[in-house]
Amino acid sequence: MKTIFAFTFASLFSVSAFAETKTINTAEIVASAMSASCIDYQLVGVCFWLKCGNKCRVKTSPKIGHHNPDLVVSAHNGVGNNPWVEANGIVGSVSQSAVGSLINKAASISAGSNQTTKGSDLNTLKFKSSDAIGHPAASISMGLSCPSQATSFNPYFVSGTDSIAWRLGIPETAYPNALIPGRREIGNFPSNTWGSVYPRSGFIAQPSDAKAGAVIAQRVGDIVTRTGQPHVYQPLTGTPSYNGRIWPPGALEENTDKNGKWQMLVPKKSNSCTVFGDNDTTSIAGWDGNGNNASTGNYAWTLWRPYQCCKREGQFFLHSVNFKSYP
């Protein structure tokens, strides 16, 4: 009896302890970036420069590392339901373009029966739309900071314009990563898996709606941080303009924060970052029971990615030395 009472009390507390956020606006997203512990600003090394005037000498500058809020990635039930309020206008203009309209008609299939508005349920097959848009603070550079590869409010991925790949899974359903169990799994296969990165489409078999949303976000991050993928998108790559040297992050990887980590915005505003794939098999509430499940089925995260840079102190860059690995 005591055990049942304790379980019931814990369940009630876990529900009431978190106030669900159903939508978020630009000002709130910027505020979440400023208050987050995700920046992880560190002095990681030193850069050496050759500066020449009447004579040449070697100058040094500190090499810093920190994370930038590059993207806001959403996973939601249908076009127009992006929980970032202002993003719906951006997504709508892209989806309604001539190209987007043609692609949507070419791959128009109904996924309504696979959408869910609740957490864990018996309908394990789900479909979610997704958008990856430049974080509103991505273009802000202050003092000793490294510029981002992202441009604020720029749509890098809109699933409505990627309908052939996003709805039909063409051609990735035939890839080895999609056919072989255990390949590119989020979590530890087979004991604890949230789902596979491949095929990178909007369909996923996962009873937990929160975990389904997280897997969708990971898939989109995987696409946009790489070039030459069989999707309609704009890659988040290249070296941004900077008066010095910069080392941008590589492609996003699952189960590690090496090239990116996630900060939840909706349904729960979090001040910390995480990597998807936690083993919650021994937890009573589970990962989605800790305020991570959205009653609307709509989710949003900030993707933070690590950069290293050093300010120019001469005409010629010679070398850099790291005191520590980063991140």
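- Taking each heavy atom of S37 and S272 in turn, the nearest pair found is OG-CA, 3.7 Å.
- Counting heavy atoms from C-beta outward, C38 and K261 have side chains that approach closer than 4.5 Å.
- Contact check for S145 versus H66: side-chain heavy atoms found under the 4.5 Å cut-off.
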| request: Dump the intermediate steps for side chain to side chain contact (heavy atoms under 4.5 Å, CB included) on W84 and D131, then the final yes or no. | output: CA-CA 10 Å; W84 178 9; D131 311 306; over 6 Å; no
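- Inspection of the W166 and T161 side chains reveals no N or O donor paired with an N or O acceptor under 3.5 Å.
- Considering CG of N290 and CD1 of I284, their distance stands at 11.0 Å, rounded to 0.5 Å.
- Between the side chains of D70 and Y307, at least one donor-acceptor pair of N or O atoms lies under 3.5 Å.
- Salt bridge annotation for R167-D162: absent, with no cationic side-chain nitrogen under 4.0 angstrom from a carboxylate oxygen.
- Contact record, A150 with S148: N-OG, 2.9 Å, taken as the closest heavy-atom pair.
- The backbone N or O of G45 lies less than 3.5 Å from no partner atom in the side chain of Y326, so there is not a single donor-acceptor pair.
- Considering only heavy atoms from C-beta on, L265 comes within 4.5 Å of S32 through its side chain.
- When the side chains of ILVMFWY residues are joined at heavy-atom separations under 4.5 Å, either directly or via intervening members, L318 and F323 end up in a single hydrophobic cluster.
- The shortest heavy-atom contact between N68 and C146 is ND2-O, 3.0 Å.
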| task | Assess whether side chain to side chain contact (heavy atoms under 4.5 Å, CB included) is satisfied between D222 and R184, documenting all intermediate values. | result | CA-CA 11 Å; D222 195 86; R184 300 297 306 274; 2.7 Å; yes
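- Under the 4.5 Å side-chain heavy-atom criterion for Ile, Leu, Val, Met, Phe, Trp and Tyr, Y175 and I180 are members of distinct hydrophobic clusters.
- Electrostatic pairing of K51 and E313 does not count as a salt bridge here, judged by no charged N lying under 4.0 Å from a carboxylate O.
- Checking side-chain atoms of S129 against main-chain N and O of S159 turns up no donor-acceptor pair under 3.5 Å.
- Annotation: cation-pi pair R245/F317 present, NZ/CZ under 6.0 Å from the ring centroid and within 45° of its normal.
- Counting heavy atoms from C-beta on, the side chains of N292 and K268 come closer than 4.5 Å.
- Side-chain atoms of Q206 come within 3.5 Å of backbone N or O of S208 as a donor-acceptor pair.
- In this structure, D209 and N293 have side chains that are in contact, with non-hydrogen atoms separated by less than 4.5 Å.
- Put simply, the side chain of P235 does not reach to within 4.5 Å of the side chain of Y156, judged on heavy atoms.
- A donor-acceptor pair under 3.5 Å is absent between the side-chain atoms of E28 and the main chain of T26, judged by distance alone.
- With rounding to the nearest 0.5 angstrom, the CH2 atom of W301 is 5.0 Å from the CE atom of M264.
- The distance from the SG atom of C52 to the CD atom of Q315 is 5.5 Å, given to the nearest 0.5 Å.
- Using a distance-only test at 3.5 Å, with no hydrogens or angles considered, no donor-acceptor pair links the side chain of S270 to the main chain of Q263.
- Under the 3.5 Å distance criterion, the side-chain polar atoms of T21 are left unmatched by any main-chain donor or acceptor of T23.
- The closest donor-acceptor contact from the side chain of N192 to the backbone of G277 lies under 3.5 Å.
- The aromatic rings of F276 and W262 lie parallel to each other, with less than 30° between the two planes, well short of the 60° mark.
- No continuous path of hydrophobic side-chain contacts links I223 to V275 [ILVMFWY only; heavy atoms under 4.5 Å].
- Residues V321 and L50 share a hydrophobic cluster, clusters being chains of Ile/Leu/Val/Met/Phe/Trp/Tyr side chains in contact below 4.5 Å.
- Contact check on D280 versus K211 returns a salt bridge, with a Lys/Arg side-chain nitrogen under 4.0 Å from an Asp/Glu carboxylate oxygen.
- In this structure, the separation between CG on N77 and OH on Y299 is 8.5 Å, given to the nearest 0.5 Å.
- Under the 4.5 Å side-chain contact rule for hydrophobic residues, V44 and V46 do not share a cluster.
- Residue H319 holds its NE2 atom at 13.0 Å from CH2 of W49, rounded to the nearest 0.5 Å.
- No more than 12 heavy atoms of other residues, nucleotides or ligands shown are found within 6.0 angstrom of CZ on F316.
- In this structure, K63 satisfies the cation-pi test against W247, with its NZ or CZ atom closer than 6.0 Å to the six-membered ring centre and inside 45 degrees of the ring normal.
- Among all heavy-atom pairs drawn from S201 and R219, the shortest one is O-NH1, 2.8 Å.
- At distances below 3.5 Å, not a single donor-acceptor pair connects side-chain atoms of R183 with backbone N or O atoms of L179.
- Judged purely by distance below 3.5 Å, without hydrogens or angles, the side chains of N322 and Q308 pair a donor atom with an acceptor atom.
- Residue I246 is tested with C309, C310, S241 for a side-chain contact (heavy atoms from CB on, under 4.5 Å); the sole match is C309.
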| task | Just do the side chain to side chain donor-acceptor pair (under 3.5 Å) check on N25 and E86 with the steps written out, would you? | result | CA-CA 6 Å; N25 61 39; E86 291 85 355; 5.3 Å; no
| task | Please lay out, stage by stage, how I90 and V158 fare under the test side chain to side chain contact (heavy atoms under 4.5 Å, CB included). | result | CA-CA 10 Å; I90 300 172; V158 175; over 6 Å; no
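- Side chain of S163 to main chain of G160: a donor-acceptor pair is present (N/O by atom type, distance under 3.5 Å, no hydrogens or angles).
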| task | Check the pair Q234, V224 against side chain to side chain contact (heavy atoms under 4.5 Å, CB included), reporting the backbone distance first and the verdict last. | result | CA-CA 7 Å; Q234 180 180 342; V224 300; over 6 Å; no
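- Among all heavy-atom pairs drawn from D278 and W194, the shortest one is O-NE1, 3.1 Å.
- A donor-acceptor pair is defined here as one N or O able to donate and one able to accept, closer than 3.5 Å; no such pair exists between the side chain of S196 and the backbone of E185.
- Smallest separation of non-hydrogen atoms from P136 and F153: CB-CZ, 3.6 Å.
- Using a 4.5 Å cut-off on side-chain heavy atoms (C-beta onward), N255 and I186 make contact.
- Between V91 and I133, the closest side-chain pair of non-hydrogen atoms falls below 4.5 Å.
- Atom-to-atom distance recorded for H76:NE2 and N82:CG is 4.5 Å, nearest 0.5 angstrom.
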